[in-house]
Amino acid sequence: MSKLNDRQREAVKYIDGPLLVLAGAGSGKTSVITRKMAYLIEKCGIPARHIAAVTFTNKAAREMKERVSSLLTGRDGHGLTVSTFHNLGLNILRREYQALSYKSGFSIFDAQDAQALIRDLLIQNHGAEGDKADLIQNQISSWKNEFILPEQAERMAETPADMLCAQAYIRYQSALKAYNALDFDDLILLPALLFDQRPDILDKWRNKIRYLLVDEYQDTNSAQYHLVKQLVGGRSGLTVVGDDDQSIYAWRGAKPENLALLGKDYPHLKVVKLEQNYRSTTRILKAANTVIANNPHELDKALWSELGVGDAIRIIRCRNEDAECERVATEILDHKLRSNGRYGNYAILYRGNHQARLLELKLQAHQIPYKLSGGTSFFGRNEIKDIMAYLRLIINQDDDNAFLRIVNVPRRKIGTSTLESLGRYATEREISLYSACEEMGLEHHLNESAVTRLREFTRWLDELRRRCYEEDPIANIKQLCSDIDYFDWLLQNSSSVAVAEKRYGNVNILIESLKKMLEDDEREDDFESAISRLVLRDLLERQQDEEESSDRVQLMTLHAAKGLEFPHVFMIGMEEGLLPHQNSIDDGMVDEERRLCYVGITRAQRTLTMSYCAKRKSFGEMTDCEPSRFLAELPQDDLEWEGRNGEVDPAKNQKRGQETLDGLKNMLAGL
Ligand code: ATP
Ligand code: MG
């Protein structure tokens with residue numbers, strides 16, 4: 001408690017009713033949540049298992065958990081839930097799936113799986129082109145986030161296009177059910193729906209979660225809002241913290257107005273505002289405040305800091321993207337050497353993942369260790385998708401998507417016509433492809449060799465399943481990889497032996513994560529739930545974090561940086577069309593981009609450097625770029641421009657970068 005200011009302490013100690021902490025960036029909102037969890041456990045005697053804190057990203061959840069653990073002694077924190085909304089939803093579904101007529105071992109479809117399913121349904125049932133799948137998937141996801149069910153969507157449809165979407169939604173939900181599968185949005189939607197339908201189950205969960213704390217509340221969507229409201233009911237056990245200026249997920253259905261709704265839902269809501277920022281220097285804070293002042297405001301927040309004026313904010317104009325990435329790399333090398341600091345003190349933030357590619361190359365060229373968050377996902381890799389499909393099929397035979405993915409990986413000579421017959425039979429009988437394999441025989445116009453192969457396949461997998469449940473699953477998953485000669489398959493399908501080895505290494509990372517999950521007593525995951533949880537990536541990311549040395553430059557999108565802080569921040573690509581993004585300019589949604597810019601600026605503790613390019617390659621051609629309007633909105637007295645209006649010649653700039661680098665290399669060689 002000693003480190004808290006009066007208002008924070010007030011927020012931590014207030015347990016008599018629902019509480020909202022509404023405050024700007026870096027004012028200690030997340031700190032209030034972590035301190036409050038410790039307070040509830042240690043001072044109010046609420047057992048940790050009755051307390052749950054939710055946030056949006058795995059990384060934020062991990063950081064929060066670490067902060068709480070460091071505040072608690074011994075096993076006081078045992079059973080505490082600190083997770084993402086999705087993980088909380090999964091916890092609920094793992095226990096209540098039967099009430100929703102799901103079977104155990106349900107699969108979780110990622111966006112790619114979901115899109116493939118929607119595409120198939122469109123082609124089969126609506127005579128529509130599969131290329132609409134993307135659009136329809138987005139619409140379905142929006143409906144789910146808005147807590148709109150398929151039948152409601154159908155009733156609301158006004159145009160033939162709406163109707164097509166709504167019918168696809170209906171078919172999609174029943175196909176998911178048939179596959180014993182659900183998608184990411186269902187992890188929130190289904191628990192909320194269940195709580196609506198089953199007061200008895202809701203009661204049970206209200207009894208379990210007696211105190212709920214929500215971070216980044218401004219980014220909750222309607223389904224999440226509904227879930228929170230249900231869980232809390234009329235009780236007092238709710239603390240939410242948020243900042244309307246940091247609402248950056250409207251495109252994913254977030255409703256910042258949920259903040260205002262709290263006042264209506266809980267007439268006795270207490271609101272605490274925090275104004276002291278403990279993260280950034282005055283100049284960085286002023287920059288953030290000045291930019292965000294251009295957005296319409298309901299509540300003005302006057303953030304101040306005692307951390308000193310700090311350095312001016314540097315704005316660097318670069319010739320092109322290549323020069324920009326090179327410059328950032330040399331800046332980091334230079335600064336790190338001069339300040340004798342760590343790589344981990346630097347973060348490079350950007351609007352879109354595509355901006356990371358060139359950056360990675362430059363960092364590699366300079367041998368700067370870095371960690372890329374998000375981006376090309378581990379779970380998007382073919383080798384991981386293959387093995388995950390096997391695992392999914394082991395726990396859920398109805399998962400036709402998984403079946404189709406691996407039935408011929410490696411080649412089992414089960415041809416297209418056999419698969420088509422299987423598909424027809426399965427549809428007629430309303431059974432899974434896997435069951436069709438077991439049932440179909442010569443009388444169904446399959447030839448003898450096809451029947452033999454199908455039987456061999458299911459017999460082998462049945463035996464594997466039995467052993468995974470009855471014996472050590474990890475040993476048996478390793479056995480699976482060797483039974484199918486997976487390394488050999490990778491060799492045949494990779495450009496070199498080294499690539500195949502790397503890919504096989506990824507499979508081993510996956511298996512190791514699963515192993516750790518099964519060994520983690522606190523989580524109490526069994527084989528089935530560990531596999532479904534794997535899809536949520538949480539543990540895998542944690543393991544990667546642990547394995548890689550933490551001294552790395554952090555690369556991530558502005559969205560992913562929310563809630564985090566770094567001593568030195570670079571925001572690259574400060575151009576019209578990138579930040580603000582062209583789509584937002586076209587749709588008149590620049591306010592949300594400004595909030596994103598505010599989030600970026602407020603990640604910085606000590607220095608902030610922004611860069612933009614004079615030219616950038618766009619659709620294969622070099623085009624002129626215009627500096628972001630947000631640069632003009634910054635407090636000009638606190639900026640140090642470089643390269644603009646001939647103040648510094650861009651070519652010289654480049655040369656300077658090179659000179660710094662040469663100097664550094666010489667220095668390093670001399671050490
Ligand atoms: P954001 O809006 O970016 O999520 P936040 O409001 O959640 O920010 P925190 O991350 O909780 O802010 O806190 C910002 C920094 O300030 C952290 O490093 C935290 O440890 C520190 N901090 C918070 N409160 C205090 C305090 N009373 N005294 C000293 N440091 C504090
Ligand atoms: Mg926070």
Side-chain angles (χ1 to χ4, degrees), residues 1-13 19-39 53-71 82 84-85 213-220 239-249 254 256 259 271-282 284-285 287-289 291-292 299 301-308 310 344-345 347 349 554 556-569 571 595-606 608:
M1 282 283 183
S2 58
K3 253 187 89 186
L4 298 172
N5 66 34
D6 290 348
R7 299 243 191 105
Q8 289 175 325
R9 197 172 304 117
E10 185 187 356
V12 167
K13 286 183 148 181
L19 170 77
L20 163 65
V21 179
L22 185 62
S27 58
K29 296 182 297 299
T30 305
S31 312
V32 163
I33 289 204
T34 48
R35 289 299 194 101
K36 190 154 189 166
M37 282 190 274
Y39 179 78
V54 284
T55 180
F56 282 81
T57 63
N58 287 324
K59 198 173 171 67
R62 276 200 303 280
E63 292 216 353
M64 219 191 238
K65 198 158 197 171
E66 275 162 27
R67 284 207 223 171
V68 192
S69 309
S70 70
L71 294 171
V82 181
T84 59
F85 264 107
L213 305 100
V214 188
D215 199 1
E216 310 274 4
Y217 191 77
Q218 74 281 353
D219 279 324
T220 47
T239 291
V240 311
V241 312
D243 176 6
D244 48 336
D245 289 329
Q246 294 188 67
S247 158
I248 53 175
Y249 281 105
L259 277 171
V271 180
V272 170
K273 291 184 187 164
L274 308 173
E275 287 181 342
Q276 179 167 5
N277 170 297
Y278 292 95
R279 179 180 292 150
S280 315
T281 64
T282 306
I284 291 170
L285 216 51
N289 287 338
V291 167
I292 204 67
L299 297 146
K301 278 166 277 174
L303 279 182
W304 55 275
S305 140
E306 281 179 346
L307 298 174
N345 289 344
L349 311 180
Q554 307 284 312
M556 67 188 82
T557 61
L558 290 161
H559 281 100
K562 199 165 61 134
L564 308 178
E565 58 190 15
F566 312 93
H568 309 287
V569 168
M571 289 170 70
R595 290 192 289 269
L596 199 51
C597 182
Y598 173 81
V599 167
I601 297 173
T602 51
R603 298 312 97 200
Q605 293 172 300
R606 293 208 291 276
L608 174 64

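The structure presented is a predicted model; accordingly, all values stated were derived computationally and were not measured. Each ligand, and each atom within it, is numbered from 1 in the order the structure gives.
Ranking protein heavy atoms by distance to atom 10 (O) of ligand 1, first place goes to R279 NH2, 3.1 Å. In terms of protein heavy-atom proximity, atom 22 (N) of ligand 1 is nearest to Y278 CB, 3.6 Å. For atom 24 (N) of ligand 1, the nearest protein heavy atom (residue, atom name, distance) is Q8 NE2, 3.1 Å. Looking only at heavy atoms of the protein, atom 12 (O) of ligand 1 is closest to G28 N, 3.1 Å. For atom 17 (C) of ligand 1, the nearest non-hydrogen atom of the protein is E565 OE2, 3.3 Å. K3 O, 3.1 Å is the protein heavy atom nearest to atom 26 (C) of ligand 1. The nearest protein atom to atom 5 (P) of ligand 1, hydrogens excluded, is given as K29 N, 3.4 Å; this is a heavy-atom distance. At the top of the distance list for atom 8 (O) of ligand 1, counting protein heavy atoms only, stands G26 N, 2.9 Å.
Inclusion of Q605 in the set of residues having an N or O under 3.5 Å from an N or O of ligand 1 is not warranted.
Judged by distance alone, the side chain of D219 and the main-chain N or O of I248 form a donor-acceptor pair under 3.5 Å. Without hydrogens or angle criteria, H568 side chain to A604 main chain gives no donor-acceptor distance under 3.5 Å. Although no hydrogens or angles enter the test, the distance criterion places no donor-acceptor pair under 3.5 Å between the side chain of S305 and the main chain of T281. R279 contributes a side-chain N or O that, together with a main-chain N or O of T602, makes up a donor-acceptor pair within less than 3.5 Å.
A heavy-atom separation below 4.0 Å is not found between D243 and ligand 1. Ligand 1 lies out of reach of T602, whose nearest heavy atom is not under 4.0 Å from it. At least one heavy atom of S27 sits closer than 4.0 Å to an atom of ligand 1.
For atom 3 (O) of ligand 1, the nearest non-hydrogen atom from the set R9, K562, R603 belongs to R603. The closest non-hydrogen atom to atom 9 (P) of ligand 1, taken over S31, G563, S280, comes from S31.
Only the side chain of Q246 comes within contact range of ligand 1, with a heavy atom under 4.0 Å; no backbone atom does. Under 4.0 Å from ligand 1, heavy atoms of T30 appear from its side chain as well as its backbone. When non-hydrogen atoms are compared, ligand 1 lies under 4.0 Å from neither the backbone nor the side chain of Q276. With a 4.0 Å cut-off on non-hydrogen atoms, R67 touches ligand 1 through its side chain and not its backbone.
In this model, no donor atom of one side chain and acceptor atom of the other lie less than 3.5 Å apart for N277 and S27. There is no side-chain donor-acceptor pair under 3.5 Å between Q8 and E10. There is no side-chain donor-acceptor pair under 3.5 Å between R67 and T30. For the residue pair Y217 and D243, no side-chain donor N or O sits within less than 3.5 Å of a side-chain acceptor on the partner.
Heavy atoms only, all atoms of each residue included: Q218 and Q246 are closest at NE2-O, 3.5 Å. Closest of all the heavy-atom pairs between A560 and L564 is O-CD1, 3.8 Å.
Residue N5 has at least one heavy-atom neighbour below 4.0 Å for each of these atoms of ligand 1: 27 (N).
Ring planes of Y249 and F56: parallel class, angle under 30° (limits at 30 and 60°).
At least one N/O/S atom of T30, whether from backbone or side chain, sits less than 2.8 Å from the Mg ion (ligand 2).
For D244 and R595, the salt-bridge test fails: no basic side-chain N is under 4.0 Å from an acidic carboxylate O.
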